S.K.: 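Supplied in structure tokens, the structure appears directly below.
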Amino acid sequence: MAPKRTRASTRAAKSYDTASNSDDNSDEVVVRKPVRGKRTAPASDRSETKAKTEPPSRPLYSHWLMKSEPESRVENGIDVKFGIEDLKALPNQSGCWDGVRNYQARNFMRDMKEGHLAFFYHSNCKEPGIAGVMEIVKEAYVDHTQFDKKDVHFDASSKPDNPKWSMVDVQYQRMLQRFIPLSELKKYHLQHSAKGGPLKNMALFTRARLSVQPLTSEEFDFVLDLENKESI
DNA sequence: GCCAACGTTGGC
DNA sequence: GCCAACGTTGGC
């Protein structure tokens, strides 16, 4: 039960949303229950302590875009391929989105709630773009791969008593009726930048390298609508 | 806490 | 395979 995902690695902190790093972790250190969300942790304290010290000051999103590589590529002797078909093929069509090693991306995952929808984006491949939709089925918890020396995303600087990296569980929902290529999204983005429109600030273009990014509902809806339209 | 060097992402 | 953009590192 553990899909990989994109690379994204690098470690150690500093920079704006890095702040949430060390302290935020305690949030996830929770025991780790078997499966499925449920967030009223018996360790009732955490939400409070957390909430006081660090109210989520950034905007709340409920739609996401998550990148992964659908084509084989060997990194440290390990194939990082994980496309939407691979997610679909897992038991329950779901798995954990591990391997995220970027603080902004991690923090966005920590903002995710059960039931949120995310686009599965194929990156670093022949035809980059959005392939389908998945649902967040378990909120952020400790990414175990950071402690696994054999894992591509092993992070020697992260200690079990204060883990740096989190992951969520996602479940395949459906393919889009047609694949929406990056090139098409870019056309809309440019158009909307010039004349106004929902994709003018889309993170895919304004924060291109982020592997987990938020979408406004307007962005999400607009992109979803494209599946029923002719490509441009 | 600045910032240059370095490493990674990911489209092309 | 190139390389621009940009996040991270670490010396000072």
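First the proteins, then the strands, lettered A, B, ... as listed; each starts at 1. FYI, side chains are in, hydrogens and waters are out, and symmetry mates aren't considered; it's all heavy atoms of this structure. Source: prediction; values computed, not measured.
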S.K.: State, without any angle test, whether A:S62 and A:K113 hold a side-chain donor-acceptor pair at a distance under 3.5 Å.
M.R.: no
S.K.: Classify the ring geometry of A:F205 against A:H189: parallel below 30°, tilted from 30° to 60°, perpendicular beyond 60°.
M.R.: parallel
S.K.: So, A:Q146 versus A:S158: side-chain donor-acceptor pair below 3.5 Å or not?
M.R.: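 Distance-only check passes for A:Q146 and A:S158.
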S.K.: So, applying salt bridge (charged side-chain N to carboxylate O under 4.0 Å, His left out) with A:R178, which one of A:E127, A:E227, A:E184 is it?
M.R.: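 Only one option passes, and that is A:E184.
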S.K.: For A:K67 and B:dG11, give me the distance from atom NZ to atom C1', rounded to whole Å.
M.R.: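 So the NZ-C1' distance, A:K67 to B:dG11, works out to 10 Å.
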S.K.: Can you tell me how far P of C:dG7 sits from CG of A:L210, to the nearest Å?
M.R.: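 Roughly 8 Å, once rounded to whole Å.
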S.K.: In whole Å, I'd like the distance from the CZ atom of A:R209 to the C1' atom of B:dT9.
M.R.: 5 Å
S.K.: By the 4.0 Å heavy-atom rule, please label A:F205 as base, sugar-phosphate, or nothing.
M.R.: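 Nothing: the residue A:F205, judged by heavy atoms under 4.0 Å, touches no strand.
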S.K.: A:I130 CD1 to B:dG11 P: how many Å, rounded?
M.R.: 12 Å
S.K.: For A:E184 and B:dG11, give me the distance from atom CD to atom P, rounded to whole Å.
M.R.: 16 Å
S.K.: Starting from P on B:dT9, measure out to CG on A:L182 and report it in whole angstrom.
M.R.: 17 Å
S.K.: Taking OP1 and OP2 of B:dG11, is either one under 4.0 Å from a side-chain nitrogen or oxygen of A:Y121?
M.R.: yes
S.K.: Round to a whole Å and report the spacing from CG of A:N102 to P of C:dA5.
M.R.: 19 Å
S.K.: For A:R101 and B:dT8, give me the distance from atom CZ to atom P, rounded to whole Å.
M.R.: 14 Å
